[in-house]
Amino acid sequence: QVQLVESGGGLVQAGGSLRLSCAASGRTFSSYYMGWFRQAPGKEREFVARISALGSTTDYADSVKGRFTISRDSAKNTVYLQMNSLKPEDTAVYYCAAGNSGWARGSYDYWGQGTQVTVSS
């Protein structure tokens, strides 16, 4: 069992930056690949970024490529999402997720409760 707790969300002006954190419980954090997703009001949840278990591979949605960076610190059991050059369309609830058996198909086994990010214009 893995528990995920996101933090770092808030209100920021367009062009600003935020760093989201996702703290994971358990001693097997390094065996999980991690992902960030977001869901805006009235929209479906969408993929944002992911990082492999060892941190050697990352993927990003086209909409955030070049602006967001995902990273992980296994010593702290934490995954981060650095968000720069934020736009109003980045406004959403951001969720982190963990998986260990479905990297190719993008499946995840555990989800956090989410943290709100609001970007004002």
Side-chain angles (χ1 to χ4, degrees):
Q1 188 79 6
V2 176
Q3 292 185 325
L4 305 172
V5 179
E6 302 97 334
S7 62
L11 174 65
V12 64
Q13 289 188 333
S17 298
L18 281 176
R19 188 177 80 157
L20 305 183
S21 299
C22 174
S25 66
R27 295 175 291 179
T28 58
F29 175 73
S30 60
S31 67
Y32 288 86
Y33 54 87
M34 303 294 293
W36 285 98
F37 292 76
R38 67 187 181 186
Q39 187 167 20
K43 295 187 177 181
E44 293 187 352
R45 185 173 60 195
E46 64 174 359
F47 166 77
V48 175
R50 66 176 182 170
I51 187 167
S52 60
L54 296 180
S56 56
T57 301
T58 57
D59 290 323
Y60 297 91
D62 288 344
S63 59
V64 307
K65 206 170 290 185
R67 300 188 298 123
F68 291 10
T69 302
I70 189 171
S71 62
R72 65 190 297 159
D73 185 337
S74 292
K76 296 182 178 180
N77 279 13
T78 301
V79 63
Y80 303 98
L81 185 68
Q82 178 66 44
M83 306 186 295
N84 298 329
S85 302
L86 282 161
K87 305 175 181 180
E89 51 264 43
D90 294 318
T91 295
V93 177
Y94 282 71
Y95 300 90
C96 74
N100 67 357
S101 61
W103 171 266
R105 62 181 182 273
S107 66
Y108 292 83
D109 305 298
Y110 303 100
W111 294 84
Q113 294 299 307
T115 185
Q116 176 71 47
V117 171
T118 303
V119 184
S120 63
S121 57

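Numbers here are sequence positions counted from 1.
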Do Trp111 and Glu6 come close enough that some side-chain heavy atom pair is under 4.5 Å? no
Is the backbone N or O of Lys76 less than 3.5 Å from a side-chain atom of Thr78, with the two atoms forming a donor-acceptor pair by type? yes
Nearest non-hydrogen partners of Tyr108 and Ala97, listed with the distance: CD2-CB, 3.5 Å
Gap separating the CZ atom of Arg19 from the CG atom of Asn84, nearest 0.5 angstrom: 11.5 Å
Straight-line distance of Ser121 OG to Lys87 NZ, nearest 0.5 Å: 14.0 Å
If you compare all heavy atoms of Leu4 against all heavy atoms of Cys22, which two are closest, and at what distance to 0.1 Å? CB-SG, 3.8 Å
With side chain to side chain contact (heavy atoms under 4.5 Å, CB included) as the criterion, how do Ser101 and Asp109 come out once you've worked through the C-alpha distance, each side chain's angles and the decisive distance to 0.1 Å? CA-CA 9 Å; Ser101 61; Asp109 305 298; 4.3 Å; yes
Shortest non-hydrogen contact from Met34 toward Ala98: SD-CB, 3.5 Å
Aromatic contact, Phe47 with Phe37 (centres under 6.0 Å): yes
Under 3.5 Å donor-acceptor, Ser25 side chain and Gln3 backbone: yes
Taking atom CH2 of Trp36 and atom CE of Met83, what is their separation to the nearest 0.5 Å? 8.0 Å
Between Asp59 and Ile51 (side chain of the first, backbone of the second, donor and acceptor by atom type, cut-off under 3.5 Å), is there such a pair? no
Specify the closest pair of heavy atoms between Ser31 and Asn100, including all atoms of both residues, with the distance to one decimal. O-CB, 3.7 Å
Group every Ile, Leu, Val, Met, Phe, Trp and Tyr by side-chain heavy-atom contacts under 4.5 Å, then state whether Tyr80 and Val2 land in the same group. no
Under the 3.5 angstrom rule, does the side chain of Thr91 hit a backbone N or O of Val119 as a donor-acceptor pair? yes
Atom of Leu20, atom of Gly9 and distance for their closest heavy-atom approach: CD2-N, 3.6 Å
Could you check whether Arg72 makes a cation-pi contact with Tyr33, meaning its NZ or CZ is under 6.0 Å from the centre of the six-membered ring and within 45° of the ring axis? no
Using the rule that two of Ile, Leu, Val, Met, Phe, Trp, Tyr join whenever any of their side-chain heavy atoms come within less than 4.5 Å, decide whether Tyr95 and Tyr32 are in one cluster. no
How are the rings of Phe68 and Tyr94 set to each other: parallel, tilted or perpendicular (split at 30° and 60°)? tilted
Do Arg50 and Thr57 touch side chain to side chain, with heavy atoms closer than 4.5 Å? no
Other residues, nucleotides and ligands only: do more than 12 of their heavy atoms fall within 6.0 Å of CD on Gln116? yes
Do Val48 and Val12 sit in the same hydrophobic cluster, where Ile, Leu, Val, Met, Phe, Trp and Tyr count as joined when their side-chain heavy atoms come under 4.5 Å apart? yes
Of all heavy-atom pairs between Gln82 and Ser17, which one has the smallest distance, and what is that distance? NE2-CB, 4.0 Å
Between atom CG of Leu81 and atom SG of Cys96, what is the distance when rounded to the nearest 0.5 Å? 10.0 Å
Taking the side chain as everything from C-beta on, heavy atoms only, tell me whether Leu86 gets closer than 4.5 Å to Leu18. yes
Would you call Asp62-Lys65 a salt bridge at under 4.0 Å N-O? yes
Taking the side chain from Gln39 and the backbone from Ala92, do they hold a donor-acceptor pair closer than 3.5 Å? no
Are Ile70 and Tyr60 packed together at the side-chain level, in the sense that at least one heavy-atom pair is separated by less than 4.5 angstrom? yes
Can you tell me how far CZ of Arg38 sits from CD of Glu89, rounded to the nearest 0.5 angstrom? 8.0 Å
